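These numbers come from a predicted model, not from an experiment. We name chains A, B, ... by the order of the sequence lines, and we start the count at 1 in each one.
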Amino acid sequence: MELTLLLFLPLATGLLGGILGNRLVKPVAVLGGLGTLGVAVGLALNYDTALGGSQFTVDKLWVKPLGIHWALTIDGLNLALVVLTAFVYASVVVACALREQESPRLFYFHLGLGASAVLGAFLAQDLILFVLFFDLMLVPFYFLVGQWGTGDRVAATTKMVIYTLAGSLLMLAAAVATGALAASHHGRHLDFLISNLERLPLGKGTQQWIFLCFAAAFLVKMPAVPLHGWLKDAYKSMPLPVLALFSGVLSKVAAYGFLKLALPLFPDAAASFQDLLLAIGVISILYGSALAFTTNDARLVVGYSSIAQLGFILLGIFSLTSDGAQGALLQMVNHGVVTVALVMIVGVLASRAKGSEDLGSMGGIAMGAPVLAVVFLIAAFANLAMPASANFIGEFLILKGVFDSVTVVAVIACLGVAMAAVYMLRAYIRAMHGPDTNGVEQRDLSIREALPILPAIALILALALSPQPLLKRSEGPATAAVIPAAKAANIDPIQTATTAQAKR
Amino acid sequence: MIAAIKAPFIDWSALAPYTSLTVGAVLVLIAGLVGSARLRSWLVPGLALVTLTGTAVELLSRWNHPKVIISEALRVDNLTVILGLLCVAAAAFAVVLSLRSDTEDSVGRGEYHSLLLFSTIGMLILIAANDLVTIFAGLELLSIPLYVLCATELRREHSLEAGLKYLIVGSVGSATLLYGLALIYGATGSTSLPKIGVAIADTGALTDPLLLAGTALAIAGLSFKASAAPFHQWTPDVYEGAPTPVTTFMATATKAAALGILLRILVGPLLPAVDDWAPVIAAVATLSIIVGNFGALGQDSLKRMLAWSSVAQVGYLLAGLVVATSLGIGALVFYLVVYAVMTLAAFAVVIENERASDDGERLSGFAGLGRRRPWLAGAMTVSMLSLAGLPPTGGFIGKLAIINADASGGWMWLAIVLVLGSLVSLGYYLRVIATMWMTEGSAAKTPVVKQAREIVAVALLAAAVTIAAGVLPSWPLERAQDVGHTVISSR
């Protein structure tokens, strides 16, 4: 029941604000954001780590004729991601409330719907329910970009939706096929509960095309390199706080989908396509990094670096090792938090450089803005996976997993670590250091600007200081997620005793 | 001597929907002769609505009380009830949507509404038909009033053209169907559907070339009415030319009636020959999905766009029919109802927008509607999202149910075609949404005409039902599957 409440809280407050009128919409939305965060944190604190497994489970038959359950749960796999989503949503709502929007009632409604859909996708334990929320996520963002965006927003949002839905609709057909074929193969009633489907494996040939449909949906959403065509325009058009929510959590749903669905449900196919997905991961890292250090657009540095970071996450998952999967999970959380901070910082930088997000029109801001400089530096260091940051641990675990599984890939992927340092520091130096030739405003962070950024920075530091609670909770489920596929690929998922403790 | 004549037994209670509609249609015609225009303007639609409501109640009372009436000519079962209700509701909404139309000036109000009711009777007969002769009688009673209704805007050239075009193409369709029915009769020696079923069950498959040709012609004839490709060419012109309330009625009710009887024939007597007709229906479905979706791309007239999209939607519906199981029929019936509701919402918005501005039917007339009239634009948005099959709408669940039926029945490739078709359809559905919310309308387009509250209410109601069907689909889906069970088991 708590989970249903958590899921609908953003949407309900978005609707309520819309009903109460223009004056109350902002306070209600902010309360909704903070409330969502509160409920999520409360659930996380009440999650019994010693017990582990699925807790707070809701399971009701929702659409009886189709065997679709309203099944939500929290386990070690999604706990951190749910809290992350609530956190990002709260930050974003606060950031939005400090700006002015046109038609605020619709704006906060769409924002709330988006957050509810993301929470739904993370919490769903029914395959169709997951697909439903996965598709639903896109609808509010279609409007948020198209209506409140800048530049060529309509073309950008159409492109984004068509790209994403191409994958999602194939996934819908594949998901239905999974349930229907499993039911007919094993002579059972139609049922889409993921835990049940895990026990009813499909034939290898069937698994392969179904897996490819799922992979297409997830890879577009992440996005991974050959399928990232929508990213540039969509990122350029999105209002900044919306971008923080989009980049911070939506891409994680896709990565989470691989761990939650693609690996356990289609282990044989995952094993046979392991090389393909590792290749896509490596290409995403290299190409994304290359794009990030050739662009002059501060916002796109963040966007392209996301491609590279998600490439790492993909590598971790498809190393099919426990370490890799755990690293991927940790990195999802890290990247979400860091992205929120970086996107908001880009907004601050642009306001100093007469509204331009071009790195060429910035420079020398740091001299008059020490707090901003420190905040940016922390976020940049975290993003480039500086040792001592949680990102370092995440990338380390990923690379270790890949090294144990497919050594060559790990060696190439290590280049990506170095490249991240290049593009992040380049962006930082060009924006903050150097002579002030463009007449930028050297003003430090105001309280209004700092309000949505500082919690993210605090969280980055907290994660750096103690990532263990997160790793401890995710170890069991992450291992369980990769075991079937690892078996099919003849990989030992739990290599020599490397635990997080040994590394710290 | 007189006592020796035994009156045939007539089950008046099962016949009640038909009698009440007929009486109502005649009364409406008479009411149209009332002298005072003011009195006429509310008496006629009022009488029509009362008639339709009464019919709906009588239909509802037949739920789960299947009966074969008039010496086995009509079968009033759950399928009749559900699709009959859909047609009756479509007629009622057509009445509401025409309340302020100016067709009254050109043709009398009484005639207009009476024709609408007569067409509805034809639909009810067609859906319930249990005999080849009844099928044809129902189809003609459905069509002939519609030919006239299409042409009721006498001063608009397009309207007349639409009526004529529909008459010619529709007659070809009827002739094709009639020829097919004749061949089926020739092959089986009976006009009664159950007896044809027995005759076919003896042979097992359509080995008789006469029967094969008859079935093919019957499918083609009904495809004309349902506007499935490649028998759809009349659709865009007629939908665009006809008065929009009539288009709404055609797009929802005619389609339901045509698909209903197709379902009754194919899953009834022809079920043993499913392996013979299923590939044909699958081919028609595929073609409709492709032709409809690509035809709709780039249409600037919303009515034309919706016409093409309705061709594609018939393709989705036929994809449910291919799987001749209760799962497939349930999915088909559910999606048919959802399709009718979301189409109603879209057309209601078009009607309202048509009145507000000169280019209200064009896509350009929708620019900035989100700002001017957010509720109207909201209803249209829900309708478009649902037609495209996005959650949380009934369209999503409907497509899900059809894909599920296809996947379970071994027609996975058809499900993939359906999904790819939906992807293409985003190209035009999203265009409408983008025009409403994301482009500025020119200031000159502010509505000068008084808003028609009842039309906005219809649009909002339909949109709300569309959402409800997506959020709480269990109950309607179960009812739809009940229909599937009764159709399968009644043969």
Between [options], which residue shows the highest count of heavy-atom pairs closer than 4.5 Å to chain A?
{"options": "B:I433, B:I416, B:L385", "answer": "B:I433"}
{"options": "B:R371, B:M412, B:K399", "answer": "B:M412"}
{"options": "B:A407, B:A415, B:S422", "answer": "B:A407"}

**Item:** Passing candidate, ring pair (Phe, Tyr, Trp, His ring centres under 6.0 Å) with A:H110, options A:Y142, A:F141, A:F143
**Value:** A:F143

Which region of [X], side chain (C-beta onward) or backbone (N, CA, C, O), has a non-hydrogen atom less than 4.5 Å from a non-hydrogen atom of chain B, or is it both or neither?
{"X": "A:V63", "result": "both"}
{"X": "A:W62", "result": "both"}
{"X": "A:L181", "result": "side chain"}
{"X": "A:T157", "result": "side chain"}
{"X": "A:W70", "result": "neither"}
{"X": "A:L106", "result": "side chain"}
{"X": "A:L61", "result": "neither"}
{"X": "A:F133", "result": "neither"}

**Item:** A:F134-A:F214 aromatic ring centre distance below 6.0 Å
**Value:** no

**Asked** Taking the six-membered ring where the residue is Trp, are the ring centres of A:W230 and A:F246 under 6.0 Å apart?
**Response** yes

**Option that, when pairs with chain B are counted at under 4.5 Å, heavy atom only, ranks first among A:V154, A:L165, A:I68** = A:L165

**Complete:** Minimal heavy-atom distance between B:G484 and B:I329, with the atoms involved, is CA-CG2, 3.7 Å

**Request:** Establish, from distance only, whether the side-chain atoms of B:T486 and B:D77 form a donor-acceptor pair under 3.5 Å.
**Result:** no

**Request:** Tell me yes or no: between the side chains of B:N78 and B:D482, is some donor less than 3.5 Å from an acceptor?
**Result:** no

Is [X] close to chain A through its backbone or its side chain, or both, or neither, when contacts mean heavy atoms under 4.5 Å?
{"X": "B:V424", "value": "neither"}
{"X": "B:L477", "value": "both"}
{"X": "B:Q481", "value": "side chain"}

**Asked** If you draw a 6.0 Å radius around CH2 in B:W375, do more than 12 non-hydrogen atoms from other residues or ligands fall strictly inside?
**Response** no

**Asked** Is any side-chain N of the basic residue among A:K236 and A:D233 closer than 4.0 Å to the acidic one's carboxylate O?
**Response** no

**Message:** I'd like to know if B:R431 pairs up with B:D300 as an ion pair, taking the criterion as any Lys NZ or Arg NE/NH1/NH2 lying under 4.0 Å from an Asp or Glu carboxylate oxygen.
**Reply:** yes

**Prompt:** Given side chains that start at C-beta, do those of A:V131 and B:L400 come closer than 4.5 Å, heavy atoms only?
**Reply:** no

